[in-house]
Amino acid sequence: MWAVAPPLPRGPGLGWRLAGGGGPSCGGAVAGPRAAGRTRPGPRVAPGGRAGAMELLSALSLGELALSFSRVPLFPVFDLSYFIVSILYLKYEPGAVELSRRHPVASWLCAMLHCFGSYILADLLLGEPLIDYFSNNSSILLASAVWYLIFFCPLDLFYKCVCFLPVKLIFVAMKEVVRVRKIAVGIHHAHHHYHHGWFVMIATGWVKGSGVALMSNFEQLLRGVWKPETNEILHMSFPTKASLYGAILFTLQQTRWLPVSKASLIFIFTMFMVSCKVFLTATHSHTSPFDALEGYICPVLFGSACGGDHHHDNHGGSHGGGGPGAQHSAMPAKSKEELSEGSRKKKTKKAD
Amino acid sequence: MWAVAPPLPRGPGLGWRLAGGGGPSCGGAVAGPRAAGRTRPGPRVAPGGRAGAMELLSALSLGELALSFSRVPLFPVFDLSYFIVSILYLKYEPGAVELSRRHPVASWLCAMLHCFGSYILADLLLGEPLIDYFSNNSSILLASAVWYLIFFCPLDLFYKCVCFLPVKLIFVAMKEVVRVRKIAVGIHHAHHHYHHGWFVMIATGWVKGSGVALMSNFEQLLRGVWKPETNEILHMSFPTKASLYGAILFTLQQTRWLPVSKASLIFIFTMFMVSCKVFLTATHSHTSPFDALEGYICPVLFGSACGGDHHHDNHGGSHGGGGPGAQHSAMPAKSKEELSEGSRKKKTKKAD
Amino acid sequence: MWAVAPPLPRGPGLGWRLAGGGGPSCGGAVAGPRAAGRTRPGPRVAPGGRAGAMELLSALSLGELALSFSRVPLFPVFDLSYFIVSILYLKYEPGAVELSRRHPVASWLCAMLHCFGSYILADLLLGEPLIDYFSNNSSILLASAVWYLIFFCPLDLFYKCVCFLPVKLIFVAMKEVVRVRKIAVGIHHAHHHYHHGWFVMIATGWVKGSGVALMSNFEQLLRGVWKPETNEILHMSFPTKASLYGAILFTLQQTRWLPVSKASLIFIFTMFMVSCKVFLTATHSHTSPFDALEGYICPVLFGSACGGDHHHDNHGGSHGGGGPGAQHSAMPAKSKEELSEGSRKKKTKKAD
């Protein structure tokens, strides 16, 4: 269970309430930056000259902007966008529409996993009740309403409205705001339990940001689909990768290795995610902004381009004993072809 | 962990002990109705006339009957019936007998899942130790003895006895008594943790009533069988559906929306379940009593007959992008044929 | 969460710290025998004569030896051996080397499961955070370093060194020391929560000893491999079986049915495991020391040789209704052929 938030020495008006994260009584709340209070020296420092004052003002206003941004409540509007985009992606899955007609209960459960998978996974990792977040009746009802409207609205009106590209881009942008907050809150939560648990913090932030993608095999199984030859960890989509990198950044911030306030990091990382995701969605692009970076780092660290679907380096054999390895390697080689095919398609869909 | 039962203001003799549900020290116990105490105004109200007295008497006796019924201890006899019928269904599974000969440990584990799957799932949802119920040594030993007798008794005597239809019908009826109690206790337990968690209560009651069925994919995996194209949520059997509806009813009762005492609801719902299940088992019937109701509601809500295996409405295409959807739709269409075949067979077996 | 260790009446210098087992602050620690203190009557009893003194001395020295052995800290050296051997087995898996090149994150996660799977499973069973052990940064970093060296060391130098048979035998022996300690600590931990939970203690000890083997299906799924027709419970390898028997022995000891000190049992069982595993590894043998015992017991209890891959007793049909059973039995019969083939290969690898 959640403990109460730690005492806030200097921020009576900060309004820090842990957003989501499994708390039974916080149905989408304000994630405010605790550390942010320490980075506002502005009003107390006497400005030396005009240039200093201007600089200070700009620094102050950026800090204030980030702080205000991190105090915006998520619940009705941003959460709604999150639900809409998540359930849209469910509707894009082959067979999802038919499933909703023939098996509404399974379809509803899948929709809930798409909306709240991140909470379920984080609760699983941290030993809390898996069903904890489902005590937020208002969130569940809102997500259920979105599910009903997207799948069963007469003439598919709702679906057509939210799929209209400019509208969709707004929702996609707002979804990323929720995602970054979830990562920050997840890491704060993990830090509360494990003060020096770097890996715990990174893992919690990652699952909070990635959500249902990390459990996609089991979400598919619920719909009667089983694709064991691929999973999100083998073929990370951009949001999953970005959540991982974001979780590392927020963990560094939480443990004071990154000298920046949490509010500023939330603001900057949100801007990055929003611009990337909106660009990728608008252009139907499949490239990831991290490809260039990984192209430099992976060959140095791991001796090969990682994550790519490069068929030309498939000759690497298995080191284990000849017999079984040789027999099995035919199968993986075959499935790899399918798999890279499948992953390319998946990326197309995800980036859509 | 379980907290103690809430204080009972008026029932020193009610003997409310939470039955099962994961408590380490309550190996099958009496599930008594707390709310029931409030619905017995009889002895205190002075009867006005003869008709009133008769009416009162009948109300009192029904209430008393329900109350007595809800106090009957489950442990030795009813639990035994539950174990017998559950492990019988395991023996009906293709390959189960051979499995018991060649891999007794796997067979025993499957039998335990069949008997205690509902506790494991509820513990998982509510964040309690998965293995919690296994501290009830007497229940485990009883279930193990039933498993041994059903699979390894000389001349298959035990199996032949309990499969004799009149005997089996009695056991099936007693199993339903246990199922309804489990639903009621599960919802009481969830209500204790989440006072306003409607969805949590319904989910807990549902998994407590459905048991191993909801985890059948993983139970099969333990036996080396994998049928990803179907699962219990896609093709709900009668007990699973009835557990879901029962969980909704008991949740309404728990939150005082249904103006009826818990003892009466347990009594009425048990009578309904017993009569349905005994009828279905005796007639080897596959029809569900809910079919008519769903036939009315589903077309209104979801625009199509849900849950049915109607092949004529298979033309519904996927809305997601053309390429992958078109490619994948061939596979699901094929597997759907197998699946409806399989589910019909499953229903045959379950109703048996 | 873990409670503190119970008070130690007579052992201020015993240094009992629960090794591993999910404690957030005990990154590989000393598992000392609490009960052992009670079996050292030596120094207080006045020896009657020379023979008695000699006998006493030998008893004392064996007890002292076992006690000292059970106090040896595991963390840097023994844990390192455990990680090396575990990740070696991962590298033996077909496709693992290629996976590490193309998907380093998935490969690292698999390596972590191989090293810490036992903690994850035990935490799952006992309702503790799955990620609990990952707060031991030093263990995780050590395992990650081993993973990196085994998969990415230039010229495969590290791999070649640790695969050199004499070196490997030492590591294999040290791994067994860790395994036995884990079983003992797991049972102590379960006993702390469930004083009379025999089945809970055995299960916890078993998963602590077996580790990733019991979750091999899901570990394979992470690598994109899915072999549902077999699992470790259907085809137990020697370490899994030995862990089960060891868990039973340690449970008997913990509940005082086995009149031997925990330190002595740890010592004796470690010697047994080390000698068996070193012999099996050195001779590339596939026979299990338990085969003879099981050959006697299984026919008596279960009417057939269990666990074996004997094709001649495949005629056993399914008792469930004719139609579906007959249809399905063809499939299992076919998969059984593959399966016994697969398991034989697996055994070859495991014993390697």
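This is a predicted model, so every value here is computed, not measured. Residue numbering restarts at 1 for every chain, and letters A, B, ... go by the order of the sequence lines.
Of the atoms belonging to Phe134(C), heavy atoms from both backbone and side chain fall under 4.5 Å from chain A. With a 4.5 angstrom heavy-atom cutoff, Phe151(C) does not touch chain A via any of its atoms. Contacts of Leu99(C) with chain A are made by side-chain atoms alone, with heavy-atom separations under 4.5 Å and no backbone atom involved. Interface remark: Leu88(C) contributes no atoms to any contact with chain A (heavy atom separation under 4.5 Å).
Under the 30°/60° scheme for interplanar angles, the aromatic rings of His195(A) and His191(A) are found to stand perpendicular. The aromatic rings of Tyr133(A) and Phe116(A) sit tilted relative to each other, their planes meeting at an angle between 30° and 60°.
Salt bridge annotation for Asp156(C)-Lys91(C): present, with a cationic side-chain nitrogen under 4.0 angstrom from a carboxylate oxygen.
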Would you please test Trp147(C) and Phe152(C) for ring-ring contact (aromatic ring centres under 6.0 Å, His included) and show each step?
CA-CA 8 Å; Trp147(C) 165 76; Phe152(C) 302 108; 5.4 Å; yes
